[in-house]
Amino acid sequence: MSKIPLEDVTPKVETIDLYAKRDKIQTRSYKGLFKNIRLIGVGFLFLMYFGTVWLPWGDRQAVLWDLPARQFHIFGATFQPEDFFLLSFLLIICAFGLFFITVFAGRVWCGYTCPQTVWTWIFMWAERVTEGERNARIRLNKEPMSANKLMRKAAKHSIWLAVSLITAITFVGYFTPIRGLFADIFTLQIAGWALFWVFFFTAATYINAGWMREQVCIYMCPYARFQSVMFDADTLIVSYDAKRGEPRGSRKKGVDPAEVGKGDCIDCNVCVQVCPTGIDIRNGLQYECIGCAACVDACDEIMDKMEYPRGLIRYTTEHALEGKSTHWLRPRLIGYGAALVAMICLFIITVGNLSQVSLDIERDRNVLYRETSAGAIENVYIVKIFNKAQTERSYRVEVQGHPGLQLELPDNRLTVAPSRKLELPLNVQMDPVELAGATNIPITFTVTATDDEDVQAEAESRFMAPQVR
């Protein structure tokens, strides 16, 4: 009796290791227009970041987020916690600005001004200075440990740690006066929390820019994931001109591609070797691309050497690559631009109309009310007047809510120093006859600048009285 032959039809499943060991990206040096633009931009941003924190403004730091005092100083303006909505407003403006730029020119923010990218370039420069160019670094990593290798690695990590420490101290200096912070560090008298945050941001900078690098952009940054939603066929992005470059292949300098049946691409892989995220732009647009144009500069260098026209890799649009016209003004771009301009204008108007004084009223918690020797009912309040102006100002205090209210204040002309808060007790009295049985009366305190009637603030409270039987 013969057996029926059986065939295994189970589909073969390819297993992909999601936790494969990372191959470190070793980039090579290059020159070009976009690198120079990035260096100029980074120099300006570094000057702003490391320089602004040292600028004085009167008797204080020009930019200081004084968390213990709950005051935020930005040059001539001082903000209170109630002004915190402005920060949310500003973040929304930045978000729409990012959307506008992305629709217009892709991820140029990532390639030129993102802190992760900027510090990564700095750390890569430190590698080249201490360990040599790309091929030298690859050979060094493969060599067994030696005195030369140990010295070079130690020098590299020393520069990394120095840059990270300076970055961390500067960042903490925006929340703690930088001059005092530096003095405390060098005299070993730094406070516990300041020391913790300096250590934390030093470690974060060292790990992110030194070890993780492109992994932050690829796996941790959400921007890479939703950028495709904002791209369209008219978005200006870094692209490889496949019609001109293919088929690729090596040849001698100056050889006409048509003579050898090739495209302009000589398959040198320099565009891959300069990419900080390690992608091959010739495979098309990928979410790992940060739009830094390193491949553009590198390819232009090769084209110059081969005596071919530049632009094999360039900033262009999908429509342009297909030979179609690029639509620069389109509904999405106009919409983001209009929203951005409107929000910026509204933000400026809001900041310009902010009151230069704030008033806070707290009832005395020790006693609900008390009776004076003259028989009047008295409530005690704690008045807090914050002068947001940059000059000393005098104020008068008034209370409304009932005709019988009497404000007991030794001097109704209160002087407050610039960017300072005045706190003092204030008594409000009322004749029991005027109360007419009322036990809870809403009242309003008003503080007005004596030199400008338009500078005023209000705060509501309650006047409490005993119940008449």
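Only a predicted model underlies this, so the values are computations on that prediction, with no experimental measurement involved. Values reported hereafter were calculated over all heavy atoms of this structure, with side chains retained and with hydrogens, waters and symmetry mates removed.
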Per-pair distances, 0.1 Å, donor-acceptor, side chain in residues 183-191, under 3.5 Å, sequence neighbours excluded:
| residue | atom | partner | partner atom | Å |
| --- | --- | --- | --- | --- |
| Thr187 | OG1 | Ala183 | O | 2.7 |
| Thr187 | OG1 | Asp184 | O | 3.4 |

Between Arg420 and Asp66, is there a salt bridge with N-O shorter than 4.0 Å? no
For Glu127, is there an ion pair with Lys24 - N to carboxylate O distance below 4.0 angstrom? yes
Determine which pairs satisfy salt bridge (charged side-chain N to carboxylate O under 4.0 Å, His left out) with at least one residue from residues 274-288, sequence neighbours left out, and list them in order. Asp267-Arg282, Asp280-Arg282
So does Tyr287 get a backbone contact from the side chain of Arg107, meaning a donor-acceptor N/O pair under 3.5 Å? yes
Would you say that Leu354 contacts Phe79 through its side chain, given a criterion of any heavy-atom pair below 4.5 Å between the two side chains? yes
For the CZ atom on Phe85, are there more than 12 heavy atoms of other groups (residues, nucleotides or ligands in this structure) within a distance under 6.0 Å? yes
Residue list, salt bridge (charged side-chain N to carboxylate O under 4.0 Å, His left out) with Lys305, at least two apart or on another chain: none
Is the side chain of Arg38 donor-acceptor paired with the backbone N or O of Tyr112 at a distance under 3.5 Å, no angle test? no
Heavy-atom donor-acceptor pair, Arg248 side chain to Cys265 backbone, under 3.5 Å: no
Check: Leu98 main-chain N/O paired with Trp109 side-chain donor or acceptor under 3.5 Å: no
Using a strict cut-off of less than 4.0 Å between a Lys/Arg side-chain nitrogen and an Asp/Glu carboxylate oxygen, indicate whether Glu362 and Lys384 qualify as a salt bridge. yes
Contacts under 3.5 angstrom, residues 46-56 side chains, donor-acceptor by atom type, not counting sequence neighbours:
| residue | atom | partner | partner atom | Å |
| --- | --- | --- | --- | --- |
| Tyr49 | OH | Thr167 | O | 2.9 |
| Tyr49 | OH | Phe171 | N | 3.3 |
| Thr52 | OG1 | Met48 | O | 2.5 |

Contact check, side chains of Thr415 and Tyr395, non-hydrogen atoms, under 4.5 Å: no
Salt bridge (charged side-chain N to carboxylate O under 4.0 Å, His left out) partners for Glu322, two or more places apart: Lys324
Please examine the side chains of Ile279 and Cys289, heavy atoms only from C-beta on, and report whether any two atoms are closer than 4.5 Å. yes
For the side chain of Thr235 and the backbone of Asp232, is there at least one donor-acceptor N/O pair under 3.5 Å apart? yes
Would you mind writing out the side-chain donor-acceptor pairs for residues 291-298 within the sub-3.5 Å range, not counting sequence neighbours?
| residue | atom | partner | partner atom | Å |
| --- | --- | --- | --- | --- |
| Asp297 | OD1 | Leu33 | N | 3.3 |
| Asp297 | OD1 | Phe34 | N | 3.3 |
| Asp297 | OD2 | Phe34 | N | 3.3 |
| Asp297 | OD2 | Lys35 | N | 2.8 |

Can you confirm whether Phe196 is buried at CZ, in the sense that more than 12 heavy atoms of other residues, nucleotides or ligands lie under 6.0 Å from that atom? yes
If the threshold is 4.0 Å, N to carboxylate O, is there a salt bridge linking Asp83 and Lys388? yes
Side-chain donor/acceptor of Asn36 to backbone N/O of Ile40, under 3.5 Å: no
Trp65 ring center near Tyr174 ring center (under 6.0 Å): no
Indicate yes or no: does Glu301 engage Lys31 in a salt bridge with an N to O separation below 4.0 Å. no
